[in-house]
Colleague: 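What follows is a structure written as structure tokens; I'll ask about it next.
Remember, it's a predicted structure, so these values are computed and weren't measured experimentally. Counting begins at 1 with the first residue of the sequence.
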Amino acid sequence: MTKTTLSRATKRFRRAFMSPTRKQIEDYVAAITTLIWQRQAIFFSAMVLAAFYIDATKALLLYTCVLLTELLDLRLARRVRNWEGKDQRTARKIMVQILINTTLSALAITGFVVMIALEQRLGGHFTPLFFLFAAALFCAMNNHQILGALIVRLAIYAAGFTFIALIDVLRFMPPITSYIWLQFFTVAFVMYFILDVSRLYLGMYRANLAHLERLEAEHEKTKIAYKVKSNFVSTVSHELRTPLTSIKGSLDLIQAGSIGPVPDHLKPVLDLAGRNCVRLSDLINDILDVQSLEAGRFVSELKPINAEAMVEEAVQVNYGFADKHGVYIDFIRPETATYILADQRRLIQVLTNLISNAVKFSDKGDAVSVRCEQVDDKVVIFVEDNGIGIPENSREKVFGQFYQIDSSDQRDYGGTGLGMNISKQIVELHNGVIDYVSELGVGTTFMVALDIIDPPLESEEDDAGPGWTRLDGTPVRLAAAG
């Protein structure tokens, strides 16, 4: 073997023994702390059997030694939990402590088992060999995270196996055909079995560790790509706003006749351009909202508000839209005042989306019903229409991004396909629930449930009383409860 090859082998050996990753150390400590009561049950049972059938004093003394090593492991676990994982010097100290604890623990367990074997007057040594086999198998299955600790523990257990197997061989010097030699070779086979199990579990753990590292690397790449994408979309959206505002303002001036009469044949073209500007503006706003929600930058101001007054304001906001589609909005404001902790502007955005959707998918002359009810400790807002309904098994699509019921509806009624996704996230930010029930050809009812809070000590009641009506006579029906 050349000097270079020997040097590489030495480095690999030192890395296996003294340089485990933080993940390996944490996994090792998690295993020894999680299974501590299982080990104690095994140790205690072995101690009781040894005390009853062999020697109570020696059994209790050696069991105490095993318990002391368990306390050392618990102390080590506390140290690892307080370790930030950045200091390599501390990592090496922890590794040294792991090897020391492993050595002491394995010696205590092996000494306990050897004591039982030496005290036995009859051959066979089934009990001590079984105890040591259980300890070795437990080690192979649960202490494979750090190769150095695994090798140390299994080496000590192997010495114990060999010593017990040789007790009767050295005591009686039997011929090779004796049962004693059969026991010796059986122990050798068991040791090979434990070694193979250890290799298997170590291989699986390292494969899982490598897979986890690849996933973490891919996750970091995905986060970087997502951040770049988010910044790009946000920048483009903001950059589009300024020229879009100028285009929309210019179209409005032209349509209003401020720069001269508009020929009749150009009016439909200008109207279409104006509507597309509005649609593009809505899309930009929705994209910015989605980016803010996904990036955790969505700003909301939560304060106690009157739920009924908030719903009433949302209905009023949608008057013009309902009138344009020839749809009525039925709203009955309860006389009771229910308070919720919410961002009123954002919840009105949610209700506007629900009401406008209900109006869009209703026939001319239909009514959209909006009501507010108290159910146990929640206030539930209902928006009900008699429109086309939503197909079954579409819940994920309805609350997903860029979804419309079908392409023809998207062309007829417009929309970005982001409104319901944004609404769901806003409601969930309020610790609320949004859901719906629907039947094709019958209609859909959306529900928003929010937690009720105690009324504020000093609150300004909404000046608008129940049962208000519009002054311009648009087709909206309002009535007071009762």
Colleague: Taking the side chain as C-beta and beyond, is there a heavy-atom pair between Gln145 and Leu209 under 4.5 Å?
Modeller: no

Colleague: Look at the side chain of Glu439 and the backbone N and O of Thr444, then say whether any donor-acceptor pair between them is shorter than 3.5 Å.
Modeller: no

Colleague: Determine whether a donor-acceptor pair (N or O, by modelled atom type, separation under 3.5 Å) exists between the side chain of Asp343 and the backbone of Arg345.
Modeller: yes

Colleague: For the atom pair OG1 (Thr102) and CD1 (Ile146), what is the distance rounded to the nearest 0.5 Å?
Modeller: 7.5 Å

Colleague: Do Asn318 and Val359 make a side-chain contact, defined as non-hydrogen atoms from C-beta onward lying under 4.5 Å apart?
Modeller: no

Colleague: Can you measure from CD1 (Ile100) to CG (Leu72) and round to the nearest 0.5 angstrom?
Modeller: 9.5 Å

Colleague: Measure across Ser362 and Val368 and return the closest heavy-atom pair with its distance rounded to 0.1 Å.
Modeller: OG-CG2, 3.8 Å

Colleague: Write down the atom of Asn386, the atom of Ala367, and the distance for their closest heavy-atom approach.
Modeller: ND2-O, 3.8 Å

Colleague: Could you check Tyr201 against Asn142 for side chain to side chain donor-acceptor pair (under 3.5 Å), going step by step and ending with a plain yes or no?
Modeller: CA-CA 8 Å; Tyr201 274 90; Asn142 300 293; over 6 Å; no

Colleague: Step by step, would you call Thr21 with Gln24 a side chain to side chain donor-acceptor pair (under 3.5 Å)?
Modeller: CA-CA 5 Å; Thr21 64; Gln24 289 174 284; 3.2 Å; yes

Colleague: Nearest 0.5 Å please: distance from the OH atom of Tyr63 over to the CZ atom of Phe43.
Modeller: 8.5 Å

Colleague: Compare all side-chain heavy atoms of Met420 with those of Lys424 and state whether any distance is below 4.5 angstrom.
Modeller: no

Colleague: For Asp366, does its backbone N or O pair with a side-chain atom of Asp363 as donor and acceptor, under 3.5 Å?
Modeller: no

Colleague: Considering non-hydrogen atoms only, spot the tightest contact between Ala140 and Leu150 and give its length.
Modeller: CA-CD1, 4.4 Å

Colleague: For the pair Glu384 and Arg371, evaluate salt bridge (Lys or Arg N to Asp or Glu O under 4.0 Å) and give the outcome as yes or no after the intermediate values.
Modeller: CA-CA 9 Å; Glu384 181 178 0; Arg371 63 185 190 277; 3.3 Å; yes

Colleague: Measure from the side-chain N and O atoms of His219 to the backbone N and O of Leu215, and report whether any donor-acceptor pair falls under 3.5 Å.
Modeller: no

Colleague: Please determine whether side chain to side chain donor-acceptor pair (under 3.5 Å) holds for the pair Glu313 and Gln344, giving the CA-CA distance in whole Å, both sets of side-chain angles, and the decisive distance to 0.1 Å.
Modeller: CA-CA 10 Å; Glu313 182 177 343; Gln344 180 161 328; 2.8 Å; yes

Colleague: Do Val380 and Val448 touch side chain to side chain, with heavy atoms closer than 4.5 Å?
Modeller: no

Colleague: Is the terminal nitrogen or CZ of Arg39 (NZ for Lys, CZ for Arg) located under 6.0 angstrom from the six-membered ring centre of Phe138 and within 45° of that ring's axis?
Modeller: no

Colleague: For Ile194 and Phe133, run side chain to side chain contact (heavy atoms under 4.5 Å, CB included): C-alpha distance rounded to whole Å, both residues' side-chain angles, the deciding distance at 0.1 Å, then the answer.
Modeller: CA-CA 8 Å; Ile194 292 173; Phe133 171 74; 3.7 Å; yes

Colleague: Indicate yes or no: at least one non-hydrogen side-chain atom of Leu147 is less than 4.5 angstrom from one of Arg206.
Modeller: yes

Colleague: To the nearest 0.5 Å, what is the distance between CG (Leu76) and CZ (Arg81)?
Modeller: 9.5 Å

Colleague: Taking Glu216 first and then Arg214, would you say they form a salt bridge - that is, a charged N and a carboxylate O separated by under 4.0 Å?
Modeller: no

Colleague: Can you tell if the side chain of Asp451 reaches within under 4.5 Å of the side chain of Ile340, non-hydrogen atoms only?
Modeller: no

Colleague: For residues Ser394 and Ile390, report the shortest heavy-atom separation together with the two atoms involved.
Modeller: CB-CG2, 3.9 Å

Colleague: So, taking the atom named CD in Gln425 and the one named CG in Asn421, what distance separates them when rounded to the nearest 0.5 Å?
Modeller: 4.5 Å

Colleague: Using side chain to side chain contact (heavy atoms under 4.5 Å, CB included), reason through Leu351 and Met310 one step at a time and then give a plain yes or no.
Modeller: CA-CA 9 Å; Leu351 294 179; Met310 183 267 297; 3.5 Å; yes

Colleague: Picking from Leu68, Thr69, Asn143, what satisfies side chain to side chain contact (heavy atoms under 4.5 Å, CB included) with Ser105?
Modeller: Thr69

Colleague: Hey, what do you get for CG (Leu251) to CD1 (Ile247), rounding to the nearest 0.5 Å?
Modeller: 7.5 Å

Colleague: Going through the distances and angles, do Ile388 and Leu440 end up as a side chain to side chain contact (heavy atoms under 4.5 Å, CB included)?
Modeller: CA-CA 6 Å; Ile388 62 175; Leu440 280 177; over 6 Å; no

Colleague: Does any part of the side chain of Trp83, heavy atoms only, come nearer than 4.5 Å to the side chain of Glu26, both counted from C-beta?
Modeller: no

Colleague: Stepwise, does the side chain to side chain contact (heavy atoms under 4.5 Å, CB included) test hold for Ile355 with Ile329?
Modeller: CA-CA 9 Å; Ile355 295 172; Ile329 301 179; 4.0 Å; yes

Colleague: Does Asn82 have more than 12 heavy atoms from other residues, nucleotides or ligands lying within 6.0 Å of its CG?
Modeller: yes

Colleague: Does the distance from a Lys or Arg side-chain N to an Asp or Glu carboxylate O, for Glu220 and Lys223, drop under 4.0 Å?
Modeller: yes

Colleague: What are the two closest non-hydrogen atoms of Tyr339 and Pro456, and how far apart are they?
Modeller: CD2-CD, 3.6 Å

Colleague: Please evaluate residues Asn353 and Ser423 with respect to the criterion side chain to side chain donor-acceptor pair (under 3.5 Å), reporting the C-alpha separation (whole Å), side-chain torsions for both, the decisive distance (0.1 Å), and the verdict.
Modeller: CA-CA 8 Å; Asn353 183 60; Ser423 298; 3.3 Å; yes

Colleague: Would the number of heavy atoms belonging to other residues, nucleotides or ligands and lying under 6.0 Å from CZ of Arg75 be above 12?
Modeller: no

Colleague: Heavy atoms only: give me the nearest Ala449-Lys378 pair and the separation to one decimal.
Modeller: CB-CD, 4.2 Å

Colleague: Under the 3.5 angstrom rule, does the side chain of His325 hit a backbone N or O of Ala322 as a donor-acceptor pair?
Modeller: no

Colleague: Judged by atom type as modelled, is there a donor-acceptor pair below 3.5 Å linking the side chain of Asp323 to the main-chain atoms of Tyr319?
Modeller: no

Colleague: Can you confirm whether Phe361 sits close enough to Ser356 that some side-chain heavy atom of one is under 4.5 Å from a side-chain heavy atom of the other?
Modeller: no

Colleague: Can you list everything that forms a ring-ring contact (aromatic ring centres under 6.0 Å, His included) with Tyr28? Sequence neighbours excluded, please.
Modeller: none

